[in-house]
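Here is the structure we will look at.
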Amino acid sequence: MKKICLIIAALFFFSSLSMGKDLLLEEVPDTVGEAQGSKKEEIKPVEKGKVFEERVFGWKGFVLAAGNSSGFYHSGSETRFASLQLNLQMDFKPSPLFYSHLDIQGKTSFSSDPSKNQNPKDVFLTHELYFSSQISFLNFSLGKKRLVIGSGMLVNPLDIFNPQKALPGLPEEREGQYLIGFNFSQLFENQSITAFSADFFYYPGIVKNKQTMLPEAIEKERQGFYSRIGGVFWKCDFSLYGFYKYEAFHYGISFSRYLTDSLEFHIESLFSNQRPVSLKRLFVDENKTLYLNQIIGIRYSFLSKLIVSLDYFYQQGGLTKNEFEADFSFQRKLFSLLILSLNSEEYEKNPFLTLKKHYLIVNLSWQDVSDYFNLNLTSFFSPEDQALLLFPKIDYLANDKSTAGFGVMLISGKKDHQYRNFSFEYQMVFDLTVYF
Amino acid sequence: MKKNLKIFVYLFFFSLFSGIFSSPVTAEDRKASEILEKAINIIAPKIFLAEIEMTYLRSDGSQAKYKMILKHKNYKYSLVNFLEPEREKDRQVLRIEENLWSYMPKTKKIVQVSFDSDFMGGDFSNQDIVRLNLLEDYTPELIKETENQYILDLSPNGKGFSYAKIRFWIRKKDNMPLQAYYFSRNGSPLKKLIYKDLKDFDGFTRPSVYEMTNLAENTKTYMIFVSFKKLETLPETTFYKENMGKY
């Protein structure tokens with residue numbers, strides 16, 4: 001017994017001694033400036049001309065060739081659609097007080113079957129043209145600008161002014177809005193609040209395409225304002241919102257925080273006294289209930305390169321089972337016509353993506369799968385009719401200036417599930433982007 | 001029997017508390033902090049602006065290159081603005097104290113990101129680039145003093161740092177940083193950083209090349225400081241989250 005005790009004690013003793021011992025305790029080669037033992041250090045001056053200068057004028061652009069091929073349910077036919085676009089962005093910052101930005105796009109498209117909803121046309125759009133002035137903590141903006149609101153990755157209930165059309169992985173297509181806006185920002189030096197900011201934006205609702213002859217009522221709906229107050233409190237990025245849009249007030253909250261090194265948690269909620277705009281014209285609700293649109297989700301980084309986000313989207317104003325089934329095929333046509341009449345531009349969030357009340361949304365983004373490839377996988381799942389939209393896409397980073405992507409959008413679900421409204425069974429998408 | 005038990009008890013308590021008795025005294029702590037502070041002032045003065053080229057080797061031997069501007073203030077605020085390659089141009093990373101955001105110009109979205117994540121796919125992590133005051137996050141201990149170098153061990157002040165320990169080699173005569181090893185929580189070395197090529201940046205002398213080796217994957221990433229300006233001030237507006245996207 002005593003021998004065992006002695007052995008254990010000796011093991012403790014020697015292990016405690018060896019814990020402090022380390023092989024990495026020797027001098028390392030002097031790599032910064034001189035060989036070991038040399039008397040005088042020779043310091044190389046920086047080459048002339050390699051000194052940073054603030055950029056006054058900057059520009060960039062890209063050419064995007066995109067296409068898709070869709071297989072249709074009803075006819076069994078296939079349709080091919082292709083587009084070619086040129087985007088150009090310019091920045092001008094003559095002083096720290098003044099900044100201006102231009103983002104223009106020219107696009108031409110072709111379709112193998114123009115009778116389908118992807119009509120070929122040539123467009124020229126000014127996505128953004130604004131200037132902003134920064135005087136101390138006050139920022140003033142005027143012009144046409146894209147405004148991205150919310151902390152959710154795939155669906156943003158708060159993003160009601162100029163919502164994103166495309167799914168992640170597809171070329172971003174977000175229409176800018178004419179606006180006049182102010183922002184007050186202040187950084188604080190104490191530990192509890194690190195930043196504080198408030199926005200006020202007014203959208204005068206200028207209709208840029210007069211040819212569409214929007215009815216007066218709809219034109220009114222384009223006007224609105226938005227205000228926000230928020231900041232970073234105890235590592236929480238928190239904002240409160242007030243909107244006026246579609247002739248109604250809406251209120252919102254957004255919150256995000258890293259709970260651990262790799263796990264982010266976010267909530268984004270919109271309270272509105274009307275149903276989502278894409279549905280309110282179809283089903284008039286006399287109850288005037290306060291509807292909640294909410295995303296609750298997490299984002300987790302695996303091995304620094306793989307990010308998985310999981311969101312639950314609750315849309316209180318979504319279609320009920322009865323509403324969906326009530327001769328929906330007819331309603332759908334009516335609905336499509338309505339959307340089309342409202343939506344003179346091709347840039348509008350796809351309204352069919354979230355028609356119902358409950359969705360589980362998953363996104364997987366894997367950067368540098370094998371040096372040259374990025375993988376993105378998006379899925380929308382509605383438990384009510386087990387409708388599933390699955391969209392894997394892989395991007396090939398050919399070089400510093402060009403990328404090529406290929407993806408397939410697949411849909412499935414119960415008979416007459418909601419994603420049949422896409423009309424297609426599958427869609428293959430291709431894109432090639434050259435930056436300059 | 002009693003004698004043996006006594007020996008056992010002595011040995012046991014000696015081994016148990018040997019770590020405590022061998023801990024450095026407060027004066028040593030102060031010295032270690034001073035050494036590290038001087039080294040940090042060389043790597044990252046309080047306010048600076050730097051133009052950096054980052055290169056890493058892909059598995060096929062080709063190089064991935066990024067060019068960026070790093071603006072830094074008071075060890076609390078950092079902004080990285082990408083200039084190259086073209087497909088990443090105007091991407092930004094902003095740190096305000098304990099928060100980190102990334103701005104993606106393609107989607108115009110600003111999302112919170114983790115300090116732990118890889119910095120643009122290389123061997124540096126986000127925190128290696130934007131959390132520059134090691135004294136803020138780690139407690140230094142002078143574990144060895146050789147003829148020419150100090151060797152410090154840096155232990156995290158709290159939870160939430162991706163490195164469980166950093167071992168730092170600093171040149172004695174001018175407090176120039178030479179090398180650092182980054183350790184995981186299980187004690188194995190993760191990465192090795194070598195500071196290289198001292199250069200004179202407009203009167204401010206500091207290493208111009210960082211070589212980071214991922215010891216597990218045997219990959220290397222280089223950071224070359226093309227220019228470096230120690231500044232008196234930088235406007236606060238530079239670090240407003242609302243200004244992300246404007247270069």
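Scope of the values below: all heavy atoms of this structure, side chains included, with no hydrogens, waters or symmetry mates. Chain identifiers are assigned alphabetically (A, B, ...) following the order of the sequence lines, protein sequences preceding nucleic acid strands; residue numbering begins at 1 within each chain.
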Margin query: Run B:F115 and A:Y258 through side chain to side chain contact (heavy atoms under 4.5 Å, CB included) and show every step you take.
Written below: CA-CA 10 Å; B:F115 281 99; A:Y258 262 88; over 6 Å; no
Margin query: What verdict does the side chain to side chain contact (heavy atoms under 4.5 Å, CB included) test give for B:T107 and A:V148, after you've listed the backbone C-alpha separation in whole Å, the side-chain angles of each residue and the deciding distance to 0.1 Å?
Written below: CA-CA 8 Å; B:T107 57; A:V148 184; over 6 Å; no
Margin query: Working note: B:Q112 + A:D237, criterion side chain to side chain contact (heavy atoms under 4.5 Å, CB included); need CA distance, chi angles, decisive distance, verdict.
Written below: CA-CA 9 Å; B:Q112 267 197 305; A:D237 196 343; 4.3 Å; yes
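Rounding to the nearest 0.5 angstrom, the gap separating the CG atom in B:N99 from the SG atom in A:C236 is 8.5 Å. To the nearest 0.5 Å, atoms OG (A:S185) and CZ (B:F239) are separated by 14.0 Å. Note that OG of A:S262 is 5.0 Å distant from CG of B:D116, once rounded to the nearest 0.5 Å. How far NZ of B:K109 is from CD1 of A:I149: 11.5 Å, rounded to the nearest 0.5 Å. Rounding to the nearest 0.5 angstrom, the gap separating the CG atom in A:L187 from the NZ atom in B:K241 is 12.0 Å. Of the inter-residue distances, the one linking B:S114 atom OG with A:Y300 atom OH reads 9.5 Å to the nearest 0.5 angstrom.
Proximity to chain A is limited to the backbone of B:P177, based on heavy atoms less than 4.5 angstrom apart. For B:I151, the part sitting under 4.5 Å from any heavy atom of chain A is the side chain, from C-beta outward, and nothing else. A:T260 does not touch chain B: none of its heavy atoms, backbone or side chain, sits under 4.5 Å away. For chain A, the nearby part of B:T237 is the side chain; its heavy atoms alone come within less than 4.5 Å. Heavy atoms closer than 4.5 Å to chain B are found nowhere in A:F62, neither backbone nor side chain. Using a 4.5 Å cut-off between heavy atoms, B:E88 does not touch chain A at all. Proximity to chain B is limited to the side chain of A:T403, based on heavy atoms less than 4.5 angstrom apart. Residue contact with chain A, scored on non-hydrogen atoms closer than 4.5 Å, involves the side chain of B:K144 exclusively. Residue A:N87 does not touch chain B at all, counting heavy-atom pairs closer than 4.5 Å. Interface remark: B:Y66 contributes no atoms to any contact with chain A (heavy atom separation under 4.5 Å). Residue contact with chain B, scored on non-hydrogen atoms closer than 4.5 Å, involves the side chain of A:Q134 exclusively.
Closest approach of A:K60 and B:K89 over heavy atoms only: NZ-O, 3.1 Å. Of all heavy-atom pairs between B:Q149 and A:E27, the closest is OE1-CA, 3.2 Å. Closest non-hydrogen pair, A:Y372 versus B:S62, comes out as OH-OG, 2.5 Å. Taking each heavy atom of B:Y195 and A:T31 in turn, the nearest pair found is O-OG1, 2.5 Å. In terms of heavy atoms, A:Y435 sits closest to B:E86 at CB-CB, 3.6 Å. Residue B:R87 comes nearest to A:N399 through the heavy atom pair NE-O, 3.1 Å, listed as atom of the first residue, atom of the second, then distance.
Between B:I96 and A:V232 there is no side-chain heavy-atom pair separated by less than 4.5 Å. Under the 4.5 Å side-chain criterion, counting only non-hydrogen atoms from C-beta, B:E236 is in contact with A:Q186. Residues B:I194 and A:V28 form no side-chain contact, since every pair of their non-hydrogen atoms from C-beta on lies 4.5 Å or further apart.
The residue among B:G187, B:P85, B:P189, B:A64 with the most heavy atom pairs within less than 4.5 Å of chain A is B:P85. With respect to chain B, the highest number of heavy-atom pairs below 4.5 Å among A:V434, A:L397, A:T433 belongs to A:L397. Interface check for chain B: of the options A:E264, A:H101, A:Q367, A:R299, the most heavy-atom pairs under 4.5 Å are formed by A:R299. Ranked by heavy-atom pairs under 4.5 Å with chain A, the first of B:N126, B:V111, B:V113, B:L100 is B:V113.
Residues A:R228 and B:E242 are paired through a salt bridge, judged by an N-O separation under 4.0 Å between the basic side chain and the carboxylate.
The main-chain N or O of A:E26 is found under 3.5 Å from a side-chain atom of B:W169 such that the two form a donor-acceptor pair.
The local environment of NZ in B:K65 is sparse, with at most 12 non-hydrogen atoms from other residues, nucleotides or ligands closer than 6.0 Å. Within a 6.0 Å radius of CZ in A:F131, other residues, nucleotides and ligands contribute more than 12 heavy atoms.
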